[in-house]
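The first residue in the sequence is number 1, and the count goes up from there.
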Amino acid sequence: FTGVAATIRGGRFSIHHLFSLLVFTAMPAASFLVNLVPWWRAGRFGAVTFTIGVTAISLVIAGIALRYVQVRTEVMLELEEKGMRSGVRSLPSIALAPAFIAIVTAATLGVDAALGSTLHSISVLGDQPQSGGRFYGMSNAPFAIWAVSMIFLAVIVANIAKSYRPKVAVPAVVVGMAFIAIYVDGAPHLGADFGGPPALVLGFGVFLLLVLGAKFTLTRVLLLGAGAGLSAVAIAFLDWLRPPGSRTHLGQFFQSLLDGDGPGIVLRKLDQLVNQVPWYGWLGAVLLLVFLWFIDSRAGIWPLLRHPDFPELRAGAIAALLTLVSAMFINDSGLVIPLIGGLYLVGLWTVAGLDGKENERYGRNIFEEPRDDAPAAPTI
């Protein structure tokens, strides 16, 4: 991603940069899907076969996403030439590419969680059983990918829904997406994640307030905080209602609250969060985020840019960042959440925010027809 963003200068942004960004964004899903093939049986060549597999799957996903955008653009142009309505006008065609990748990623993680987390247990983004980590459900890195995917899809459906009774449709679809995200991540038989649901409640709650144009009053902020805390306790309570032998760590935590050991567990997790990563690790994370901000701003592709015709995009970016940061403080070893989730977020939002004007300051627009004296360039 750094290499791609660093070359977007001097009017050089082209279809090749776009495709590279899509490949980069598809890699988290590819890192899970590659485990459908027994690459580890290649012995000493396992790393090679794994890398080739991830790259090939990413190329396929990105290729399909880009082709879908090109086909939709061609169809819309043909309909406009015939004077016919071309469907939902508010959603830019380019946003369908990252939307397709987000759907593939969310479906991969969701189906895997429903089937026992087989792909998770052998993924480079998962917790391998030999390390004593989680044996099923969603760990920190997959949660970050899942949360960002679901919030981005909420951005897409909210943008579409505002064309149909926005005061009713938009809250309905956002709440529906939030329920799916929280249920899959927090249900004991699926994601079994204790720290994820509170962060998702905060993220989706903030997103809903932003897209509705509501003010952030103290009462609403307190309600969001209370809802986040209650969501985690409620899921743990429902798991605690099951027989002791059938409870997961969620129900065991609720029992620890009854026994008075809950505060000690929370303090232990906070200690792990702070001390598990040395000071230079935190410094490196901050420097990485600053560097990403610098190269993105220079390239004109910063995810938090305002898009008057697509306001849900910036609202979703703010909500996703809040989700990642809050989850970092809730989960032990949570630094991986904003790092991996943040990189994935940059890929989705950067592509969705493209409007063909990235090179205007250099006197060139990749969406315009090339001049007779200029070399032909692919257009989208």
- Item | Partners meeting side-chain contact (heavy atoms from CB on, under 4.5 Å) with His189 (sequence neighbours left out) | Tyr183, Ala187
- Item | Backbone N/O of Gly46 and side chain of Thr49: donor-acceptor pair under 3.5 Å | yes
- State whether the side chain of Asp185 and the backbone N or O of Met138 hold a donor-acceptor pair below 3.5 Å, judged by distance alone. no
- Task: Look only at the side chain of Arg220 and the backbone of Lys215, and say whether a donor-acceptor pair between them is shorter than 3.5 Å.
- Result: yes
- Message: Suppose we screen for side-chain contact (heavy atoms from CB on, under 4.5 Å). Which residues come up paired with Arg67, at least two apart in sequence or across chains?
- Response: Gln70, Val71, Glu74
- Task: With sequence neighbours left out, write down each residue that passes side-chain hydrogen bond (donor to acceptor under 3.5 Å, both in side chains) with Ser149, or none if nothing qualifies.
- Result: Tyr344
- Message: Rounded to the nearest 0.5 Å, what separates atom CG in Asn140 from atom CD1 in Ile330?
- Response: 11.0 Å
- Would you mind reporting whether Ile235 and Pro197 have side-chain heavy atoms less than 4.5 Å apart? yes
- Who are the side-chain contact (heavy atoms from CB on, under 4.5 Å) partners of Leu224, not counting sequence neighbours? Leu202, Val206, Leu209
- The reported gap from CZ in Arg72 to CG in Leu96 (rounded to nearest 0.5 angstrom) is 5.0 Å
- Pairs touching residues 33-65 that satisfy ring-ring contact (aromatic ring centres under 6.0 Å, His included), sequence neighbours left out: Trp39-Phe50
- Atom pair CG (Leu345) and OG1 (Thr350), whose distance is rounded to the nearest 0.5 Å: 8.0 Å
- Task: Apply side-chain contact (heavy atoms from CB on, under 4.5 Å) to Val174 and list each qualifying residue two or more places apart in sequence or on a separate chain.
- Result: Ala158, Val170, Phe204, Phe207, Leu208
- In Å and rounded to the nearest 0.5 Å, what is the CD1 to OG1 distance from Ile103 to Thr108? 11.5 Å
- Got Val104 and Ile101 here, is their nearest side-chain heavy-atom distance under 4.5 Å? no
